[in-house]
Amino acid sequence: MNSSITLNEAIQQQKRINSLLKQYLVAGGAYSIPSEICFMEADQVIIAEDTLLTDIYMIASGVAVVMQDGIIIQFLGRNECLGVENILVGGETRTRIVALTKMKLYKMTLQDVHIKLHKRAQGWRLAAAVMAGRTELLTHHLIRSGVARDRVLDVLLQLSFLYGEEKDHCIYTEKYFSKKMIANYLNVSYVTVVKAFKLLVAEGIIHDEPHGMIVYLNQLSPKIGACS
């Protein structure tokens, strides 16, 4: 099976679980959780490292990055829960979450979340499923191998499947990320990423613009974007 399809299936499953957890946390009804709407500017720190969280956040719009020791390890977007691990296990945060774009968030206290969890226990399963899926995608990222071109394409596919709009076998993604960010994410040089972009453009796989990017899915082969 084309591994880019396998990646897309895993991402779509994760998006479905994220949406279910959002409905559980944000939806009204008998056990609704009080929430506050927050707006964040790009580069604003949402959750700092070594912090004992009292609140969690649900992303309504925008994209954030998760960083550890100055390295980007994950991108998080619409319907993702920031601080979900603290629903399951307490303690200080080990990562920093920063707004990559302007963002709209729903802010809820962990105390209110736990009150609902004790009344409607399916939330525990949803939070655990979100964490499991996020861990799977993080593991996929950490074990990426192969030539730089394929690794860069793999990242572009992941970001496109997560945050792009698909139409007529193409995915358009607003370019909230930069080549420097991808270099940081993959732990390679900026020059390496630039060369990979040029190759992918020359092969007709992507169209690179200052404010956006198009991935042409019908140009993908089974070997492109391989997970291993």
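Positions are given from 1 along the sequence.
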Distance (rounded to the nearest 0.5 Å) between [X] [atom1] and [Y] [atom2]:
{"X": "Ile56", "Y": "Ile33", "atom1": "CD1", "atom2": "CD1", "value": "7.0 Å"}
{"X": "Gln111", "Y": "Asp55", "atom1": "CD", "atom2": "CG", "value": "10.5 Å"}
{"X": "Lys198", "Y": "Ile206", "atom1": "NZ", "atom2": "CD1", "value": "12.0 Å"}
{"X": "Ile71", "Y": "Arg96", "atom1": "CD1", "atom2": "CZ", "value": "11.0 Å"}
{"X": "His169", "Y": "Leu220", "atom1": "NE2", "atom2": "CG", "value": "12.0 Å"}

Quick one: does [X]'s side chain have a donor or acceptor within less than 3.5 Å of a partner on [Y]'s backbone?
{"X": "Gln44", "Y": "Glu41", "result": "yes"}
{"X": "Ser19", "Y": "Lys15", "result": "no"}
{"X": "Lys116", "Y": "Tyr24", "result": "yes"}
{"X": "Asn18", "Y": "Gln14", "result": "yes"}
{"X": "Thr101", "Y": "Val63", "result": "yes"}
{"X": "Ser35", "Y": "Met108", "result": "no"}
{"X": "Asn86", "Y": "Gly91", "result": "yes"}
{"X": "Thr93", "Y": "Thr51", "result": "yes"}
{"X": "Glu92", "Y": "Glu49", "result": "no"}
{"X": "Arg151", "Y": "Leu186", "result": "yes"}

Are [X] and [Y] close enough for a salt bridge, meaning some N to O gap below 4.0 Å?
{"X": "Lys179", "Y": "Asp208", "answer": "yes"}
{"X": "Lys22", "Y": "Glu80", "answer": "no"}
{"X": "Arg94", "Y": "Glu85", "answer": "no"}

Side-chain contact test, heavy atoms from C-beta onward, threshold under 4.5 Å: evaluate it for Leu159 versus Met213 and give yes or no.
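When only atoms from C-beta onward are counted, Met213 and Leu159 do not touch, as no gap falls below 4.5 Å.
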
Does [X] belong to the same Ile/Leu/Val/Met/Phe/Trp/Tyr cluster as [Y], with side-chain heavy atoms less than 4.5 Å apart forming each link?
{"X": "Tyr216", "Y": "Phe161", "result": "no"}
{"X": "Val188", "Y": "Val65", "result": "yes"}
{"X": "Leu52", "Y": "Val45", "result": "no"}

Phe39 ring centre to Lys102 NZ or CZ under 6.0 Å, with the angle to the axis within 45°?
no

What is the minimum heavy-atom distance between [X] and [Y], and which atoms define it?
{"X": "Ile17", "Y": "Leu126", "answer": "CG2-O, 4.0 Å"}
{"X": "Met40", "Y": "Ala99", "answer": "CB-CB, 4.2 Å"}
{"X": "His114", "Y": "Ile87", "answer": "NE2-O, 3.0 Å"}

Could you tell me whether the side chains of Gln122 and Arg125 share a donor-acceptor contact shorter than 3.5 Å?
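There is no such pair between these side chains.
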
Passing option when Phe75 is tested against Tyr185, Phe177, Tyr163 for ring-ring contact (aromatic ring centres under 6.0 Å, His included):
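The passing option is Tyr185.
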
